[in-house]
Trainee: 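Here it is, the structure in full.
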Amino acid sequence: MTTSPLPADLYCVMGNPVAHSRSPAIHARFAELTGQAIHYERCLVPLDGFAQFVRNFAAQGGRGCNVTVPFKFEAPQLAAVCSERVHLAGAANTLSFQADGSVHADNTDGLGLVADITRNAGVPLQGARVLLVGAGGAAAGVLGPLLHAGARHITIANRTVAKAEALVASHGALALLQKAELLAITPQAVEGDFDVIINATASSLSGEAVPVAASVLRPGSLAYDMMYGPAAQGFMDWASAHGATARDGLGMLVEQAAEAFAIWRGVRPPAAQVLEEMRQTA
């Protein structure tokens, strides 16, 4: 006797733009490797229609969604329950729709970044000097996990320094607890070099020049762009030309997806295997 396959639970990534996202391929592979029945798609969301889109998706049977630019700051406002990471960042990238109709929000970006830097790239963050370029939703999502990972000093460089100062203020108590220093500054005012430089700006997407001077790099520095693929190439070429080790954000994407998958399904997928497969087919 044959049995019918289980119906697939519906998930998606919501953003604008979103056509470039590799999340559907990642989650499909996670599902295949863990035996989970899910269907995951891309959803292009109107810039002024995020909340309604989320409600409609949940009403149609959606079980959860990932949230990408520019909706990460808007996402927590829809949630009845927010994780500590969301409270700290003020931004969410993972929503779960509960049976009682409530929405739970989490932020797996920072966990994904830290896992990719420390596990996949083999670069320790304990005691590190880190330059975080940008102060938007991407930067907000990773600052807390960088502090938890043991970074000793984090400089946040942003054109609008008030946004960087707001991140320093919201993370001040955690920095004190971790015995770490936080500094907010404009990109032009950055001095010295760093162990890890993280580009959390949208400069890669728009093809803009790298917003900090090459003096922030030194041989052996890890220069990390949260973007991946062609969008990250300019930053990576710049970093390599100045002797740093360049890395794009594909590993962060896979690792944060693995965290979201575990939240939704209660099963941890083999992120390192999927990352290796994606590197080979890129």
Side-chain angles (χ1 to χ4, degrees), residues 10-32 38-50 53-54 57 62 64-75 91-95 107-113 115-117 120-121 133-134 136-142 198-211 223-240 246-261 264 269 271-282:
L10 184 60
Y11 298 89
C12 74
V13 56
M14 297 186 186
N16 189 332
V18 78
H20 65 284
S21 176
R22 298 181 72 177
S23 291
I26 293 169
H27 282 277
R29 186 63 175 139
F30 285 167
E32 185 179 13
I38 76 165
H39 176 74
Y40 188 108
E41 58 190 34
R42 297 180 191 88
C43 291
L44 178 64
V45 179
L47 292 176
D48 60 352
F50 176 68
F53 202 100
V54 170
F57 184 75
C65 69
N66 288 129
V67 181
T68 187
V69 292
F71 303 116
K72 290 183 181 184
F73 283 120
E74 202 174 335
N93 78 327
T94 302
L95 299 180
N107 195 317
T108 66
D109 280 338
L111 299 177
L113 174 71
D116 191 46
I117 289 175
N120 301 328
V133 185
V142 304
I198 300 168
N199 184 21
T201 71
S203 62
S204 297
L205 272 181
S206 53
E208 296 175 25
V210 177
Y224 194 106
D225 197 318
M226 286 192 189
M227 299 297 175
Y228 55 89
Q233 199 59 53
F235 178 86
M236 293 175 68
D237 290 345
W238 167 81
S240 298
R247 188 174 181 87
D248 74 359
L250 183 61
M252 175 184 172
L253 178 72
V254 173
E255 292 285 355
Q256 66 80 26
E259 295 287 346
F261 191 92
W264 290 331
Q273 176 186 336
V274 174
L275 175 59
E276 181 61 28
E277 291 172 358
M278 295 192 77
R279 292 278 189 213
Q280 290 176 357
T281 58

Trainee: State which residue, out of N93, N107, T108, fulfils the side chain to side chain contact (heavy atoms under 4.5 Å, CB included) condition with E259.
Mentor: T108
Trainee: Can you tell me how far the CE atom of M227 sits from the CE atom of M236, to the nearest 0.5 Å?
Mentor: 14.0 Å
Trainee: State, to 0.1 Å, how close I26 and A257 come at their nearest heavy-atom pair, and which atoms those are.
Mentor: CG2-CB, 3.9 Å
Trainee: Kindly give the heavy-atom pair with the smallest separation between A75 and L95, and that separation in Å.
Mentor: O-CD2, 4.1 Å
Trainee: Could you go through C43 and V18, starting from their C-alpha distance and side-chain angles, then the distance that decides it, and tell me whether this counts as side chain to side chain contact (heavy atoms under 4.5 Å, CB included)?
Mentor: CA-CA 7 Å; C43 291; V18 78; 5.9 Å; no
Trainee: With D237, which residues qualify under side chain to side chain contact (heavy atoms under 4.5 Å, CB included), at least two apart?
Mentor: Q233
Trainee: Rounded to the nearest 0.5 Å, how far does CD1 of I38 lie from CZ of F30?
Mentor: 9.5 Å
Trainee: Taking the side chain as every heavy atom from C-beta outward, state whether D116 and L275 have any pair of such atoms under 4.5 Å apart.
Mentor: yes
Trainee: Once you measure the plane-to-plane angle for W264 and Y40, does it fall in the parallel (<30°), tilted (30-60°) or perpendicular (>60°) bin?
Mentor: tilted
Trainee: Could you pull out all residues at least two apart from W238 that satisfy side-chain hydrogen bond (donor to acceptor under 3.5 Å, both in side chains)?
Mentor: none
Trainee: Only counting residues at least two apart or in another chain, list the ones meeting ring-ring contact (aromatic ring centres under 6.0 Å, His included) with F50.
Mentor: F71
Trainee: Would you call E32 and R29 a salt bridge, using N to O less than 4.0 angstrom?
Mentor: yes
Trainee: Decide side chain to side chain contact (heavy atoms under 4.5 Å, CB included) for R22 and L250; before the verdict, give the C-alpha distance in whole Å, the side-chain angles of both, and the deciding distance to 0.1 Å.
Mentor: CA-CA 9 Å; R22 298 181 72 177; L250 183 61; 4.0 Å; yes
Trainee: Measuring from atom CZ of R279 to atom CD of E276, what distance do you get when rounded to the nearest 0.5 angstrom?
Mentor: 9.0 Å
Trainee: For the residue pair F53 and P46, what are the closest heavy atoms and their distance?
Mentor: CD1-CD, 4.1 Å
Trainee: For A223, check side chain to side chain contact (heavy atoms under 4.5 Å, CB included) against everything at least two apart and list the hits.
Mentor: L217, F235, A239, A244
Trainee: Taking side chain to side chain contact (heavy atoms under 4.5 Å, CB included) as the test, write out the residues that go with A121, two or more places apart.
Mentor: V123, R247
Trainee: Rounded to the nearest 0.5 Å, what separation is found between the CD atom of Q256 and the OG atom of S23?
Mentor: 6.0 Å
Trainee: Using the side chain to side chain contact (heavy atoms under 4.5 Å, CB included) rule, pick out the option among D248, D225, V210 that qualifies with N199.
Mentor: D225
Trainee: CG/L253 to OG1/T68 distance, rounded to the nearest 0.5 angstrom?
Mentor: 9.0 Å
Trainee: For F57 versus E41, what's the shortest heavy-atom pair and its separation?
Mentor: CE1-OE2, 4.5 Å
Trainee: Mind checking whether V13 and H27 have side chains closer than 4.5 Å, heavy atoms only?
Mentor: no
Trainee: Tell me every residue that passes side chain to side chain contact (heavy atoms under 4.5 Å, CB included) with L113, counting only those two or more places apart in sequence or in another chain.
Mentor: I117, V142, L146, I198, Y224, M226, M252
Trainee: If you take all heavy atoms of A271 and V254, which pair is closest and at what distance?
Mentor: O-CG1, 3.5 Å
